[in-house]
Amino acid sequence: MTDSQNTNTSAPKRTPLYQSHVDSEGKLVDFSGWELPIHYGSQIEEHEAVRTDAGMFDVSHMVVADIKGADTKAWLQKLLANDVNKLKTAGKALYSGMLNEQGSVIDDLIVYLMNADETKYRIVSNAATRDKDMAQFNKVAEGFDITITERPELAMLAVQGPHAVEKLAQAKPSWADTLAELKPFVGADLTDIEGADWFVARTGYTGEDGVEVIMHGDDAPAFFELLKANGVKPAGLGARDTLRMEAGMNLYGHDMDETISPYECNMGWTLALKDERDFVGRAALVSKRQQSKDDNTAMKQVGLLLTTRGVLREGMTVTINQGSDNEQTGIITSGTFSPSLKNSIAIARVPASVSEDDNVQVDLRGKGKFVDVRVLKLPFVRNGKQQFDS
């Protein structure tokens with residue numbers, strides 16, 4: 001799952017873990033209108049903890065909505081570009097884009113099937129897009145027999161890293177059997193073990209193994225302390241961003257938005273187009289895709305690696321085959337220094353014809369001094385390992 005940062009002039013909201021962050025010496029910043037820790041002293045150490053051991057992130061700002069009713073499945077099949085008919089067992093999760101009528105991305109989200117008779121689902125979506133998401137939910141819901149219930153009383157902790165599940169089972173021995181059976185993109189209701197509102201899913205935003213745990217906000221501080229006592233390191237927004245970038249995961253408002261089609265941000269794999277299901281944006285999406293091929297304007301997402309000094313930043317222009325008859329340009333949508341690779345990396349949108357063999361440069365300082373960058377298929381890092389040849 002992804003979310004984006006924006007400017008909010010009102011006082012930021014606080015999650016149920018606000019005091020836990022203060023007590024853990026977190027440096028708090030305004031993120032999508034929420035007061036959240038950017039780090040607890042060392043972004044690099046927090047990044048490394050998730051790549052090599054176990055870390056946890058407060059993601060309670062994410063929007064949780066429960067949908068129930070006889071038409072819930074049909075509504076989701078209209079709302080989402082991916083098809084919830086793929087969800088056959090309770091707890092199974094699906095990643096999807098939610099498109100506008102122009103075939104571009106309003107938001108990306110995760111939907112869970114919550115019961116066997118396909119009348120209850122849960123959507124977890126981004127904080128920064130909350131208002132337009134809810135507006136789209138309600139707009140598409142017209143004529144469907146469903147009830148949409150936001151769950152702002154819930155908190156959410158992402159526990160990530162190669163030892164995350166092991167340490168969580170150590171902290172919560174009664175969860176051990178449930179955790180052992182959880183496969184990627186599958187969740188489990190923990191009501192019988194912990195009581196109402198507890199839910200765990202093998203999902204995350206780091207490229208590592210791990211889970212996301214949902215609980216009532218009142219239960220979150222004690223759970224946070226329990227995880228700390230069992231060696232799970234608190235991690236902030238800074239590490240979350242470098243981890244997701246190494247894993248090639250989109251950040252809404254940066255790598256995709258309402259002007260970008262799923263094909264342009266590496267979400268083509270999420271589009272369920274094999275049948276005739278008429279989801280919002282389908283016709284425009286297919287038409288624009290064909291048009292961009294016909295007029296040679298199709299774009300795609302790639303990774304860029306800078307092996308010399310400097311840092312790739314969002315907004316920098318990418319130049320392909322500079323000075324040649326077929327010179328083309330693209331743009332960096334996210335850029336950072338990679339703690340795992342010890343080099344700068346970026347996610348970029350470039351012409352679809354660009355290959356890893358092309359001569360590609362970036363003007364690092366905007367003064368016409370171009371540096372060579374390497375084009376790579378995403379991700380850069382997954383499960384702690386570099387995903388490309390040196």
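Everything quoted here is computed from the prediction, not taken from an experiment.
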Would you check if the side chain of [X] reaches a backbone N or O of [Y] as a donor-acceptor pair within less than 3.5 Å?
X      : Y      : answer
Arg282 : Leu273 : yes
Trp175 : Ile193 : no
Gln160 : Val211 : yes
Ser287 : Ala283 : no
Asp255 : Asn250 : no
Gln387 : Lys385 : yes
Arg244 : Thr206 : no
Lys300 : Val354 : yes
Asp71  : Ala74  : no
Asp358 : Ser355 : yes

Transitively linked via ILVMFWY side-chain contacts under 4.5 Å: [X] with [Y]?
X      : Y      : answer
Met249 : Phe380 : no
Met299 : Leu271 : no
Val360 : Met316 : yes
Tyr121 : Met134 : yes
Val286 : Tyr263 : yes

Should the pair [X]-[Y] be classified as a salt bridge under the 4.0 Å nitrogen-to-oxygen rule?
X      : Y      : result
Arg202 : Glu212 : no
Arg349 : Glu264 : no
Glu246 : Arg51  : yes
Arg151 : Asp66  : yes
Glu150 : Arg130 : yes
Lys172 : Glu194 : yes

With salt bridge (Lys or Arg N to Asp or Glu O under 4.0 Å) as the criterion, how do Asp278 and Lys78 come out once you've worked through the C-alpha distance, each side chain's angles and the decisive distance to 0.1 Å?
CA-CA 6 Å; Asp278 182 26; Lys78 179 71 174 180; 3.4 Å; yes
Where is the tightest heavy-atom contact between [X] and [Y], given as atom of each residue plus distance?
X      : Y      : result
Ser96  : Ala81  : OG-N, 3.4 Å
Lys92  : Val186 : CD-CG2, 3.7 Å
Leu285 : Ser261 : CD1-CB, 4.2 Å
Leu157 : Phe57  : CD2-O, 3.3 Å
Gly26  : Pro37  : CA-CB, 4.4 Å
Pro379 : Gly248 : CB-N, 4.1 Å

Start with the C-alpha distance between Ser338 and Met245, add both sets of side-chain angles, then the distance that settles side chain to side chain contact (heavy atoms under 4.5 Å, CB included), and finish with yes or no.
CA-CA 8 Å; Ser338 163; Met245 276 203 59; over 6 Å; no
Could you walk me through whether Glu46 and Ser42 satisfy the side chain to side chain donor-acceptor pair (under 3.5 Å) test, starting with their C-alpha distance in whole Å, then the side-chain angles of each, then the deciding distance to 0.1 Å, before giving a yes or no?
CA-CA 6 Å; Glu46 293 158 27; Ser42 172; over 6 Å; no
Apply the side chain to side chain contact (heavy atoms under 4.5 Å, CB included) test between [X] and each candidate in [options]; give the one that qualifies.
X      : options                        : result
Leu305 : Leu376, Val375, Leu312         : Leu376
Val232 : Leu168, Leu226, Val159         : Val159
Leu304 : Ile345, Val318, Ile347, Val350 : Val318

dist Glu225:CD -> Leu17:CG (nearest 0.5 Å) comes out at 9.0 Å
Which distance, rounded to the nearest 0.5 Å, do you find between the OG1 of Thr203 and the CD1 of Ile110?
5.0 Å
Are there more than 12 heavy atoms of other residues, nucleotides or ligands under 6.0 Å from atom [atom1] of [X]?
X      : atom1 : result
Asp177 : CG    : no
Lys68  : NZ    : no
Lys86  : NZ    : yes
Asp192 : CG    : no
Lys139 : NZ    : no

Determine, for Phe199 and Arg122, whether the Lys NZ or Arg CZ falls below 6.0 Å from the six-membered ring centre while staying within 45 degrees of the axis.
yes
Would you please test Ser104 and Lys288 for side chain to side chain donor-acceptor pair (under 3.5 Å) and show each step?
CA-CA 10 Å; Ser104 300; Lys288 284 201 302 185; 3.3 Å; yes
Side chain to side chain donor-acceptor pair (under 3.5 Å) assessment of Thr319 paired with Gln361
CA-CA 5 Å; Thr319 304; Gln361 297 89 25; 5.6 Å; no
Ring centres under 6.0 angstrom apart (Trp269, Tyr95)
yes
What about Phe223 and Trp198, are their ring centers closer than 6.0 Å?
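Yes: the rings meet the under 6.0 Å criterion.
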I'd like to know if the side chain of [X] pairs up with that of [Y] as donor and acceptor (distance under 3.5 Å, no hydrogens or angles considered).
X      : Y      : answer
Ser334 : His254 : no
Asp107 : Thr129 : yes
Thr119 : Lys73  : no
Asp83  : Gln77  : yes
Asn343 : Thr307 : no
Ser32  : His61  : no
Ser344 : Arg309 : no
Asn321 : Glu327 : no

Any non-hydrogen side-chain atom of Ser24 less than 4.5 Å from a side-chain atom of His21?
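No, too far: nothing below the 4.5 Å cut-off.
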